[in-house]
Structure formats: structure tokens, C-alpha cells
2 protein chains.
Amino acid sequence: MAVNRKQQIIDAATKSFSLFGYKATTMDQVAKLANVGKGTIYTFFKNKEELFDEIVSTLISEMKEAAEQVIDPQLSFFENVHRALYRILEFRKQHQLAIKLFQEEREMGTPAVQEVIKKLETAIIAYIKQKIEAAIEKGEIRPCDAEITAFLMLKLYVALIFDWEKNHEPLEKEKIAELFELYFLKGLSK
Amino acid sequence: MAVNRKQQIIDAATKSFSLFGYKATTMDQVAKLANVGKGTIYTFFKNKEELFDEIVSTLISEMKEAAEQVIDPQLSFFENVHRALYRILEFRKQHQLAIKLFQEEREMGTPAVQEVIKKLETAIIAYIKQKIEAAIEKGEIRPCDAEITAFLMLKLYVALIFDWEKNHEPLEKEKIAELFELYFLKGLSK
DNA sequence: AAACTGACTAAATGAACAAAATGGTCAAAT
DNA sequence: ATTTGACCATTTTGTTCATTTAGTCAGTTT
């Protein structure tokens with residue numbers, strides 16, 4: 001029992017949140033899973049929500065890292081933003097915890113989960129915004145409101161990847177890249 | 001009592017759906033409001049959902065008409081689509097019944113309401129799609145998948161008008177037109 | 001002494017049951 | 001031929017009460 005108790009708790013909580021979601025995870029369960037007295041959890045975290053927050057912060061970092069890994073400075077701004085957004089949403093589609101969280105938000109509307117999802121969205125937008133600002137700086141694209149543009153790019157990708165599938169056949173990754181280029185890069189004008 | 005009973009029922013139901021939503025409207029209430037026996041309703045409509053459907057179909061027609069009124073054949077495709085989408089969403093924002101329906105969908109997720117909202121969305125997309133096809137035909141814009149484009153244009157407007165407001169100051173109508181032009185017409189390329 | 005624990009408490013949840021309300025029907029009334 | 005509202009099966013709502021849960025803290029362990 002000499003190992004890092006905080007990490008044990010985080011690991012246990014991550015596993016439980018991933019498996020059962022926020023609401024259905026009890027602190028007793030986390031304590032048992034972590035081989036720790038329940039009181040111990042409260043020496044590291046003020047409450048359940050703060051424990052949750054720490055774990056989601058890690059998820060956000062992982063997403064950012066996953067996005068960063070597909071960025072290639074050799075490639076164009078558009079290619080890179082496409083890769084980053086696609087990677088982030090793919091991550092969201094595959095990562096246990098992310099899946100459970102979005103499901104819980106949809107099906108139960110747990111407030112703590114809503115908050116955390118808002119935080120996640122804000123982080124993604126901030127990340128893309130920063131890429132946009134760099135591209136404007138470098139003169140790679142024409143000046144625009146980076147915040148709104150990042151916001152719309154995310155909306156576009158969520159629409160193409162998640163919403164479109166609700167009523168149509170899923171779109172190929174290349175098709176999405178093509179649409180992204182068509183609308184954001186070239187425009188429909190002749 | 002010689003007046004059109006069907007219309008009395010529709011009027012009463014419209015009023016009640018607008019005021020209380022779908023779930024909270026009872027058939028007894030509609031009958032009473034319409035000064036009609038409950039059984040009479042069932043001589044005109046198979047059930048509650050069909051009555052609801054008829055009323056929503058009227059709402060959809062009204063929206064289409066509202067959009068059609070701001071279309072000006074003299075103007076460009078983009079100006080017209082902007083006017084139409086903005087008008088439709090403004091309508092949705094102000095119309096009693098539309099407000100109640102979207103609120104009920106958000107807060108209770110009533111299945112009949114979800115269905116009807118999907119139907120409404122489909123109608124808007126079909127309307128825009130048709131405008132896009134005409135514009136491609138006339139050579140006003142470059143060829144593209146009209147269905148996906150209409151879908152994305154609606155998503156863009158909903159994002160700008162409804163979603164953006166959740167975390168930021170609302171955008172001016174002109175600002176939205178400008179963004180629409182920037183992304184869909186010109187693109188960000190230099 | 002510092003770290004840890006789990007029995008304990010107040011509050012939240014949900015299971016179980018009863019009562020009320022609701023959508024839809026149909027025999028009787030008009 | 002229409003219209004109606006009492007009636008029925010089912011769902012929804014209100015209520016009670018036992019269980020569960022987040023968080024605490026006196027006591028135990030290291």
C-alpha cells in the first residue's frame with residue numbers, strides 16, 4: 001500500500017466513470033476499486049465533482065496530444081486543421097470515457113456532465129483558434145474573427161461526422177476533407 | 001354551432017399546443033376549448049398525433065411562405081438564401097408554437113415532438129436544397145452536393161443564431177450575412 | 001504526529017403502491 | 001348521418017418509506 005494513493009484513486013475513478021458514467025459512479029465504489037478508505041479520497045479531492053474535473057482535464061490533454069500528433073508543419077493550414085478536428089472527433093467517438101459522457105449528457109442531462117462537456121468544447125475551440133491565428137499571422141489565410149471561425153469549423157465537423165449520420169450514410173474522411181476545403185477554403189463562387 | 005367544426009378543433013388545438021406544448025395538451029381540453037364533444041375530434045383525426053401533425057404542417061407552410069416573401073429574384077442566390085434562412089429562424093424564434101415545441105424537445109424529449117422537429121428540419125433543408133439546385137442550374141454557383149450544402153447552411157445558421165448566443169453576445173443580422181458570404185461564397189483562401 | 005479509515009448522518013433517490021388523469025371507443029342522443 | 005360524453009384500459013402522477021449516497025470525523029494504524 002505504499003504506492004501513490006492519489007494515482008490509485010484517479011485510476012479507479014477513471015475506470016468507473018468510463019464504465020458507468022458520472023452519476024452511476026459512487027464514491028464507495030471508487031474507494032473499493034482503489035483499495036482505499038473513502039475518507040482518503042477526500043484528502044486529495046474536495047468532492048466528487050473535483051475528482052471528475054481532474055479526470056476530464058486529463059482527457060482534454062490526451063485529446064490535444066492526439067491532435068498534435070497528426071499535425072505536420074509541412075502541410076497547409078487547411079490540411080492540418082482537418083486532420084486535427086477529424087482526429088479529435090474520432091477520439092471522442094472511440095474513447096470509452098468520452099462515449100459514456102456524451103451518452104449521459106444526451107440521455108440524462110446530468111449537470112456536472114454538461115459543464116464538463118462545455119469545458120471540452122471550449123478547449124477544442126481554443127485549440128483551433130490558436131491554429132487560425134497562427135495562419136493569419138503567417139498570411140496563409142485572409143484575416144477573420146478567429147473565435148467565430150474556430151467555433152464554426154467545429155460545428156461543421158460535428159455536423160458532418162455526428163449529425164449527418166442520423167439520417168444518411170456516413171461520409172468518408174476524404175469526402176469531409178473535400179467539403180471542408182470547398183466551403184471554408186474556396187467558397188462556392190465561380 | 002353550424003360553423004366548421006374541424007376548424008374549431010384545429011384552432012383550439014393550435015392554441016393549446018402553443019400555450020402548453022404537446023404533452024400538456026389533453027384531448028378533453030381541446031374538446032372543451034373547441035366547444036365540441038371529445039368524440040367529434042376523432043371523426044376528423046385518427047388520434048392526437050395526427051391532429052398534431054396537421055397543425056405542424058400548417059406551421060411548416062407558414063414558415064415556407066414567410067421565407068418566400070423575403071425572396072427577391074433580382075437579388076443574388078446568396079442574398080436570397082441568407083434572407084430565407086434568417087427569416088425562417090427568426091420565425092422559429094418568435095412563433096409561439098415553434099418556441100414551445102423546441103422547448104419541449106429540449107426539456108422533455110417528447111418523442112412525438114422530436115419527430116415533428118425532424119420533419120420541420122427536413123422541410124427547411126428541402127426548401128434550401130431546391131434553391132441551391134436552381135442556382136447551380138443557372139450557373140450562379142459551382143456544382144456541389146445540394147443536399148449536404150443545404151444541410152450545412154442550416155447548421156451554420158442555427159449555430160450562428162442559437163448556439164453562439166449561449167456563450168457570447170448575439171450576432172447582428174448583417175454580421176451573420178457577412179460570415180455566410182465569407183465562408184460559403186468566397187472561402188478563406190487569399 | 002501524520003496518514004488513513006469506515007461507521008455515521010443528512011440528504012437524495014427510487015421502489016412500491018394508490019389515486020388521478022388521459023387517449024381513445026362506442027352506444028345512445030340529436 | 002352527426003355528434004356526444006360516460007366509460008374503459010392504460011399511463012401518469014402523487015405519496016410513502018426503505019435504501020443509497022456524498023461527505024464528515026472520531027478513532028485506528030503506521
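Fair warning: this is a prediction, and the values are worked out from it, not measured in the lab. Proteins come first, then strands; the chains are lettered A, B, ... in the order of their sequence lines, and each starts at number 1.
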For A:Tyr157, which residues count as a ring-ring contact (aromatic ring centres under 6.0 Å, His included) partner, sequence neighbours excluded?
-> A:His82, A:Phe180

Besides B:Ile99, the hydrophobic cluster formed by Ile, Leu, Val, Met, Phe, Trp and Tyr side chains linked at under 4.5 Å, directly or via other members, contains none

Residues forming a side-chain contact (heavy atoms from CB on, under 4.5 Å) with B:Ala12, sequence neighbours excluded = B:Val30, B:Leu33, B:Ala34

For B:Asp11, the side-chain contact (heavy atoms from CB on, under 4.5 Å) test, sequence neighbours excluded, returns B:Gln7

B:Gln29 to B:Ser16 - nearest heavy-atom pair and separation = OE1-OG, 3.1 Å

Write out all pairs satisfying salt bridge (Lys or Arg N to Asp or Glu O under 4.0 Å) with one or both partners inside residues 81-98 of chain B, taking only residues at least two apart or from two chains.
-> B:Glu79-B:Arg83, B:Arg87-B:Glu90, B:Lys93-B:Glu165

Nucleotide C:dC4, atom P - distance to CG of A:Asn35 in whole Å = 14 Å

Nearest-Å distance, CD1 (A:Ile9) to C1' (C:dC4)?
-> 10 Å

Could you list the donor-acceptor pairs under 3.5 angstrom formed by side chains in residues 124-139 of chain B, with sequence neighbours left out?
from, atom 1, to, atom 2, distance (Å)
B:Tyr127, OH, B:Glu68, OE1, 3.0
B:Lys129, NZ, B:Glu147, OE1, 3.0
B:Lys131, NZ, B:Glu68, OE2, 3.4

In the hydrophobic clustering (ILVMFWY, side-chain contacts below 4.5 Å, transitive), which residues join B:Val70, or is it alone?
-> none

Taking only heavy atoms on the protein side, list every residue of residues 37-54 of chain B lying under 4.0 Å from any atom of DNA chain D, sorted numerically.
-> B:Gly37, B:Lys38, B:Gly39, B:Thr40

If only side-chain N and O atoms of B:Arg5 are considered, is one of them under 4.0 Å from the OP1 or OP2 phosphate oxygen of D:dT4?
-> yes

Contacting residues from residues 103-111 of chain A, given that a heavy atom lies under 4.0 angstrom of DNA chain C = none

Would you mind writing out the side-chain donor-acceptor pairs for residues 170-179 of chain A within the sub-3.5 Å range, not counting sequence neighbours?
none

Name every residue in residues 19-33 of chain A that has at least one heavy atom under 4.0 Å from any atom of DNA chain D, in order of residue number, or write none if there are no such residues.
-> A:Thr25, A:Thr26, A:Met27

Applying side-chain contact (heavy atoms from CB on, under 4.5 Å), name anything that partners A:Thr110, two or more places apart in sequence or on another chain.
-> A:Tyr22, A:Lys23, A:Glu104, A:Met108, A:Val113

